[in-house]
Amino acid sequence: PQWGKSEKPVIREGRLTYTARALKSFCEALKIKQSHFIGNSIGGQCAIKFAIDYPDMIGRLIALGNNAMPHSVFMPRPPEGIRVINEYYRAEGGPSLEKMARLLKLLVYDASSVTDELVAERYAASVEPEALEVWTKHQVPHEDISAQLHKVSAPSLLIWGSEDRFSPLDGGLAQVKRFQDAQMHIFSKCGHWAQVERSAEFNTLVLEFLSRR
């Protein structure tokens, strides 16, 4: 909800709780009793919340560079990337191609991978009327799930880029300590988009994890 081509409802409760419930309803509608979940950033937080609220409906959990921990000694809060996201819609002048280019370059370690075509595509999606409406006029309440992380019982793989400028590396380390069954993989010279920058290694890592018995 609120992302991509999905509907843009006004969310008046915590985004993670809302999205986890939407995922539950989606799975129930398709009669999917249990499935694996992969989420990047806020998607990873939503998958973690799903694992907390509906543990019987998740098999394995893979979460990339998520901000489920509110504190960090590795970088100031909010991280640089989150500040830029917050400014994208709300700072003077609103969205622009230049702001989108800056944001996308923060997502990766090697900014040469950010093409003009990618910037234009993401910018066009960000200024669709419904997206503008929901992101400029409605603030989703903050939700801190750090005190619930010990409830995550699903086998979990946490993936981070060592140069992530959105999610502090020590947040992943803290999650490994709190989850009941977790491991962490760190890619060097990699930013927030490990699935893009290290795609081949990422795919191998994920498929191996999901195929375990």
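Nothing here was measured: the structure is a model prediction, and the numbers come from that model.
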Exercise: identify the closest heavy-atom pair between [X] and [Y]:
| X | Y | result |
| --- | --- | --- |
| M75 | P168 | CG-CG, 3.5 Å |
| I58 | A47 | CD1-O, 4.3 Å |
| E13 | I11 | O-CG2, 3.2 Å |
| R198 | K189 | NH1-O, 4.3 Å |
| P95 | L132 | CG-CD2, 3.9 Å |
| P79 | N67 | CG-OD1, 4.3 Å |

Give the cluster check for [X] versus [Y]: same hydrophobic cluster or not, with ILVMFWY residues linked at side-chain heavy-atom distances below 4.5 Å.
| X | Y | result |
| --- | --- | --- |
| V196 | F187 | no |
| L118 | I85 | yes |
| F166 | Y109 | no |
| L23 | V140 | no |
| W193 | L64 | no |

Would you give the length of the straight line joining atom [atom1] of [X] to atom [atom2] of [Y], rounded to the nearest 0.5 angstrom?
| X | Y | atom1 | atom2 | result |
| --- | --- | --- | --- | --- |
| I48 | L158 | CD1 | CG | 6.5 Å |
| S41 | I82 | OG | CD1 | 5.5 Å |
| F179 | I52 | CZ | CD1 | 7.0 Å |
| L103 | E98 | CG | CD | 13.0 Å |
| I186 | L169 | CD1 | CG | 4.5 Å |
| Y88 | R102 | OH | CZ | 12.5 Å |

Any donor and acceptor pair, going by atom type alone, linking the side chain of [X] with main-chain N or O of [Y] inside 3.5 Å?
| X | Y | value |
| --- | --- | --- |
| H150 | A147 | yes |
| E7 | Q2 | no |
| Q183 | S156 | no |
| K99 | G94 | yes |
| S113 | D110 | yes |
| E197 | G191 | yes |
| S25 | R21 | yes |
| E163 | S188 | no |
| T19 | C46 | no |
| Y89 | S126 | yes |

Check whether any side-chain heavy atom of [X] sits under 4.5 Å from a side-chain heavy atom of [Y], and report yes or no.
| X | Y | value |
| --- | --- | --- |
| R122 | L104 | yes |
| K49 | E143 | yes |
| L157 | I159 | yes |
| Q175 | M184 | no |
| L173 | V176 | no |
| K24 | E28 | yes |
| Q34 | M57 | no |

Which atom pairs, one a donor and one an acceptor, fall under 3.5 Å between side chains of residues 202-212 and the rest of the protein, sequence neighbours left out?
{"residue": "N203", "atom": "ND2", "partner": "S199", "partner atom": "O", "Å": "3.3"}
{"residue": "T204", "atom": "OG1", "partner": "A200", "partner atom": "O", "Å": "3.1"}
{"residue": "E208", "atom": "OE1", "partner": "R212", "partner atom": "NE", "Å": "3.2"}
{"residue": "E208", "atom": "OE1", "partner": "R212", "partner atom": "NH2", "Å": "2.8"}
{"residue": "E208", "atom": "OE2", "partner": "R212", "partner atom": "NE", "Å": "3.1"}
{"residue": "S211", "atom": "OG", "partner": "L207", "partner atom": "O", "Å": "3.1"}
{"residue": "S211", "atom": "OG", "partner": "E208", "partner atom": "O", "Å": "3.0"}

- Task: Evaluate the ring planes of F50 and F37, with Trp represented by its six-membered ring, and classify them as parallel (under 30°), tilted (30 to 60°) or perpendicular (over 60°).
- Result: tilted

- Task: Could you tell me whether E130 and K5 make a salt bridge, using a distance below 4.0 angstrom between a side-chain N and a carboxylate O?
- Result: no

- Item | side chain to side chain contact (heavy atoms under 4.5 Å, CB included) evaluation trace for I42 with W3 | CA-CA 11 Å; I42 189 69; W3 300 88; 3.9 Å; yes

- Item | Contacts of E80 that satisfy salt bridge (charged side-chain N to carboxylate O under 4.0 Å, His left out) - sequence neighbours left out | R165

- Message: Tell me every residue that passes salt bridge (charged side-chain N to carboxylate O under 4.0 Å, His left out) with K137, counting only those two or more places apart in sequence or in another chain.
- Response: E133

- Step-by-step side chain to side chain contact (heavy atoms under 4.5 Å, CB included) determination, Q195 to N40: CA-CA 9 Å; Q195 76 278 18; N40 174 236; 3.6 Å; yes

- Query: Got more than 12 heavy atoms from elsewhere within 6.0 Å of NZ, K105?
  - Reply: no

- Task: Might you confirm whether atom CZ of R15 has over 12 heavy atoms from other residues, nucleotides or ligands at distances under 6.0 Å?
- Result: yes

- Query: Have R90 and Q139 got a donor and an acceptor in their side chains that come within less than 3.5 Å?
  - Reply: yes

- Task: Take S167 and N66, measure what side chain to side chain donor-acceptor pair (under 3.5 Å) needs, and give me the verdict at the end.
- Result: CA-CA 6 Å; S167 303; N66 71 84; over 6 Å; no

